[in-house]
Amino acid sequence: MFAQPIFHFKDMLKNLDNCMVKAAAYADQKKFDVNILASSRLAPDMFAFNKQIQSACDVAKFCAAYLSGQTPPKHEDTETTWSELRARISKVVTYLDGFTNSDFTNAQTVKVKPGWAKGKWIGAEQYLNQIAIPNFYFHMTTAYAILRHAGVDVGKMDYLGHVNLQD
């Protein structure tokens, strides 16, 4: 139960990177600097695209680390360019690649103590279902929506990625 969402986060980050590749091609075609999209947002009081990427990456790495009893890698959230954001995704995907099912054997008993919780804790299952999964998909979907709003030709299958359909 605890490993599967981590592996899915990794796949979704790869899908987001593929959407970013499409966004770069779109910027080239329309003759504008793709880095403009890094600061794009849907509303003035929402995080910009770069912060959506940083947040999705953070949720994925913190979730994997917390549920496996490890310390997550530090990222300074200084990415402002397209290539820096893609590198951030790559670093987190590589980090998540290092996990196996056995890393989450004791996850059920983990008490997650997020830094923002001021010493309080939440059980692993509640953390996964009430915080990690909803937050991850919120930031993923918002990043996708920013690209779509900017005119990038991405669709549902870009968001979902490869689907193993059978005959």
Side-chain angles (χ1 to χ4, degrees), residues 1-24 26-27 34-68 70-99 104 107 112-117 122 124-163:
M1 169 183 155
F2 293 101
Q4 195 57 43
I6 304 304
F7 304 144
H8 196 253
F9 290 167
K10 179 181 71 172
D11 291 342
M12 292 300 292
L13 288 170
K14 289 178 184 179
N15 297 348
L16 182 55
D17 186 63
N18 289 334
C19 289
M20 291 180 70
V21 169
K22 281 189 152 188
Y26 174 75
V34 71
N35 293 308
I36 292 169
L37 294 177
S39 61
S40 294
R41 62 185 75 223
L42 294 176
D45 63 344
M46 288 182 74
F47 286 156
F49 183 82
N50 64 329
K51 185 65 175 172
Q52 301 295 344
I53 299 298
Q54 293 161 351
S55 297
C57 286
D58 283 352
V59 171
K61 75 177 182 184
F62 283 126
C63 186
Y66 290 156
L67 298 181
S68 65
Q70 297 184 28
T71 302
K74 281 194 180 251
H75 297 109
E76 298 300 323
D77 293 342
T78 57
E79 299 89 358
T80 58
T81 68
W82 215 245
S83 60
E84 290 169 344
L85 290 168
R86 291 192 65 215
R88 171 71 171 266
I89 292 172
S90 179
K91 287 176 196 172
V92 173
V93 166
T94 299
Y95 174 68
L96 298 178
D97 271 337
F99 287 92
F104 303 98
V112 178
K113 297 178 182 177
W116 52 264
I122 186 169
E125 187 173 347
Q126 291 77 23
Y127 169 76
L128 187 64
N129 291 317
Q130 296 173 9
I131 297 173
I133 291 173
N135 268 321
F136 179 79
Y137 289 105
F138 174 83
H139 293 293
M140 284 290 300
T141 302
T142 304
Y144 167 86
I146 290 169
L147 295 179
R148 191 68 199 102
H149 181 73
V152 178
D153 186 21
V154 290
K156 187 182 288 188
M157 294 312 295
D158 296 300
Y159 179 84
L160 293 176
H162 178 73
V163 177

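Heavy-atom basis, side chains included; hydrogens, waters and symmetry copies ignored.
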How long is the straight-line distance from CD1 of I131 back to CD1 of I122, given to the nearest 0.5 Å? 4.0 Å
Specify whether H8 and Y137 have parallel, tilted or perpendicular ring planes, treating 30° as the upper limit for parallel and 60° as the lower limit for perpendicular. tilted
N/O donor to acceptor pairs below 3.5 angstrom from side-chain atoms of residues 53-60, sequence neighbours left out:
{"residue": "Q54", "atom": "NE2", "partner": "E79", "partner atom": "O", "Å": "3.4"}
{"residue": "Q54", "atom": "NE2", "partner": "E79", "partner atom": "OE1", "Å": "2.8"}
{"residue": "S55", "atom": "OG", "partner": "K51", "partner atom": "O", "Å": "2.8"}
{"residue": "D58", "atom": "OD1", "partner": "K61", "partner atom": "NZ", "Å": "3.3"}
{"residue": "D58", "atom": "OD1", "partner": "R88", "partner atom": "NH2", "Å": "2.6"}

side-chain hydrogen bond (donor to acceptor under 3.5 Å, both in side chains) filter on K91, not counting sequence neighbours, yields none
For residues H75 and Y95, determine if any side-chain heavy atom of one lies less than 4.5 Å from a side-chain heavy atom of the other. no
With N129 via side-chain hydrogen bond (donor to acceptor under 3.5 Å, both in side chains) - residues at least two apart: none
Considering only heavy atoms from C-beta outward, does the side chain of N15 approach that of Y144 to under 4.5 Å? no
Is there side-chain contact between F136 and M12, with at least one heavy-atom pair below 4.5 Å? yes
Tell me the closest heavy-atom pair linking A38 and A48, and the distance in Å. O-CB, 3.9 Å
For residues L128 and P5, report the shortest heavy-atom separation together with the two atoms involved. CD2-CG, 3.9 Å
Report the distance from atom NE2 of H162 to atom CG of D11, rounding to the nearest 0.5 Å. 10.0 Å
Of all the heavy-atom pairs spanning F104 and A3, show the shortest one and how long it is. CD1-CB, 3.5 Å
Check whether any side-chain heavy atom of M140 lies under 4.5 Å from a side-chain heavy atom of L13, and answer yes or no. yes
Single hit among L42, L37, N50 for side chain to side chain contact (heavy atoms under 4.5 Å, CB included) with I146: L42
Interatomic spacing from OG in S90 to CG in L85 - rounded to 0.5 Å: 12.5 Å
If you count the non-hydrogen atoms of other residues, nucleotides and ligands that lie under 6.0 Å from CZ in F47, is the total more than 12? no
If the test is side chain to side chain contact (heavy atoms under 4.5 Å, CB included), which one of T141, V154, L16 qualifies with Y159? T141
Full working for side chain to side chain contact (heavy atoms under 4.5 Å, CB included) between V34 and Y26: CA-CA 8 Å; V34 71; Y26 174 75; over 6 Å; no
Does the plane of the ring in Y66 sit parallel, tilted or perpendicular to the ring in F62? Use 30° and 60° as the thresholds. parallel
Min side-chain heavy-atom separation S68-F2 under 4.5 Å: no
Indicate the atoms forming the closest heavy-atom contact of A132 with C63, along with that distance. CB-SG, 3.7 Å
How close do A23 and W82 get, heavy atom to heavy atom, and via which atoms? CB-CZ2, 3.6 Å
Identify the heavy atoms of A124 and L67 that sit nearest to each other, and give their distance. CB-CD2, 3.5 Å
Measure the shortest side-chain to side-chain distance between D158 and N18 over non-hydrogen atoms and say whether it is less than 4.5 angstrom. no
One thing to verify: whether K22 and D153 come together as a salt bridge, which I'm taking to mean a side-chain N less than 4.0 angstrom from a carboxylate O. no
So, do T142 and R41 sit near enough that their side-chain heavy atoms are less than 4.5 Å apart? no
